[in-house]
Amino acid sequence: QVQLVESGGGLVQAGGSLRLSCAASGRTFSSYAMGWFRQAPGKERDFVAGISRSGGSAFYADSVKGRFTISKDNGKNTLYLQMNSLKPEDTAVYYCAADLRLVPGSSTRSYDYWGQGTQVTVSS
């Protein structure tokens, strides 16, 4: 089992940047592929980015490709999401999640553990 705690959310103007962190404890962090999801009010939880167990392969939703970067530091048991050129439509609660498979999925059903979420608000 693994426990996940997100941090780094906040209020930022359009065009700005934020870096989210997800600290993991419990089972060996390198055993998990990881993902970031987001959920806006009244909408489903959507895939944002995923990264393989080793951190060598990353995957992105089309809506964030070229603006967001996911990374994984197995030595620090921490997952990151660097978000640049933020837009108002990026406003959501962002969740990190752990997937026991080698390569992360893009469906919420693929993930075994979830953090509590961190709010990101982008003003226009």
Side-chain angles (χ1 to χ4, degrees):
Q1 189 167 351
V2 64
Q3 293 77 42
L4 303 172
V5 179
E6 301 96 335
S7 61
L11 173 64
V12 64
Q13 288 189 331
S17 298
L18 281 175
R19 188 175 82 155
L20 305 183
S21 298
C22 173
S25 61
R27 184 171 170 171
T28 305
F29 188 57
S30 59
S31 300
Y32 293 91
M34 299 293 296
W36 286 100
F37 286 75
R38 65 186 181 187
Q39 188 167 20
K43 295 189 176 181
E44 294 185 349
R45 191 171 296 189
D46 292 331
F47 175 78
V48 174
I51 193 164
S52 62
R53 284 183 188 173
S54 68
S57 298
F59 310 88
Y60 297 93
D62 287 343
S63 59
V64 306
K65 204 170 292 184
R67 299 188 298 124
F68 291 10
T69 302
I70 188 172
S71 60
K72 186 176 188 269
D73 188 332
N74 286 334
K76 294 183 178 179
N77 290 352
T78 305
L79 176 73
Y80 302 99
L81 185 67
Q82 177 67 43
M83 305 187 295
N84 298 329
S85 302
L86 282 160
K87 304 175 182 179
E89 51 263 45
D90 294 318
T91 295
V93 177
Y94 283 71
Y95 299 89
C96 68
D99 184 343
L100 278 167
R101 302 178 304 168
L102 182 64
V103 177
S106 59
S107 167
T108 56
R109 294 187 299 273
S110 299
Y111 291 80
D112 303 281
Y113 303 101
W114 292 84
Q116 84 291 346
T118 186
Q119 176 70 48
V120 171
T121 303
V122 184
S123 63
S124 57

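Numbers for residues simply follow the sequence, beginning at 1.
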Which atom of [X] lies closest to which atom of [Y], heavy atoms considered:
X	Y	value
Asp99	Val103	OD2-O, 4.0 Å
Ala14	Pro88	CB-CD, 4.1 Å
Leu79	Ser71	CD1-O, 3.3 Å

With heavy-atom distances below 4.5 Å as the criterion, would you say the side chains of [X] and [Y] are in contact?
X	Y	value
Met83	Val64	no
Asp46	Val48	no
Tyr80	Ile70	no
Trp114	Arg45	yes
Tyr94	Glu6	no

Between atom [atom1] of [X] and atom [atom2] of [Y], what is the distance when rounded to the nearest 0.5 Å?
X	Y	atom1	atom2	value
Asn74	Met34	CG	CE	10.0 Å
Phe37	Leu81	CZ	CG	12.5 Å
Phe47	Thr108	CZ	OG1	12.0 Å
Ser31	Arg53	OG	CZ	6.5 Å
Glu89	Ser124	CD	OG	10.0 Å
Phe68	Trp36	CZ	CH2	11.0 Å

Any chain of hydrophobic side-chain contacts (each under 4.5 Å) joining [X] to [Y]?
X	Y	result
Tyr60	Val122	yes
Tyr113	Val93	no
Leu4	Tyr95	no

Could you check whether any side-chain N or O of [X] sits under 3.5 Å from a backbone N or O of [Y], counting only pairs where one atom can act as donor and the other as acceptor?
X	Y	value
Arg101	Tyr111	no
Ser107	Arg109	yes
Thr69	Gln82	no

Take Thr91 and Arg38 through the test side-chain contact (heavy atoms from CB on, under 4.5 Å) and record every step on the way to the result.
CA-CA 9 Å; Thr91 295; Arg38 65 186 181 187; over 6 Å; no

Going through the distances and angles, do Lys65 and Asp62 end up as a salt bridge (charged side-chain N to carboxylate O under 4.0 Å, His left out)?
CA-CA 5 Å; Lys65 204 170 292 184; Asp62 287 343; 3.1 Å; yes

Show the atom names and distances, to 0.1 Å, of all donor-acceptor pairs under 3.5 Å that link a side chain in residues 16-23 to residues at least two apart or in another chain.
{"unit_1": "Ser17", "atom_1": "OG", "unit_2": "Asn84", "atom_2": "OD1", "d": "2.9"}

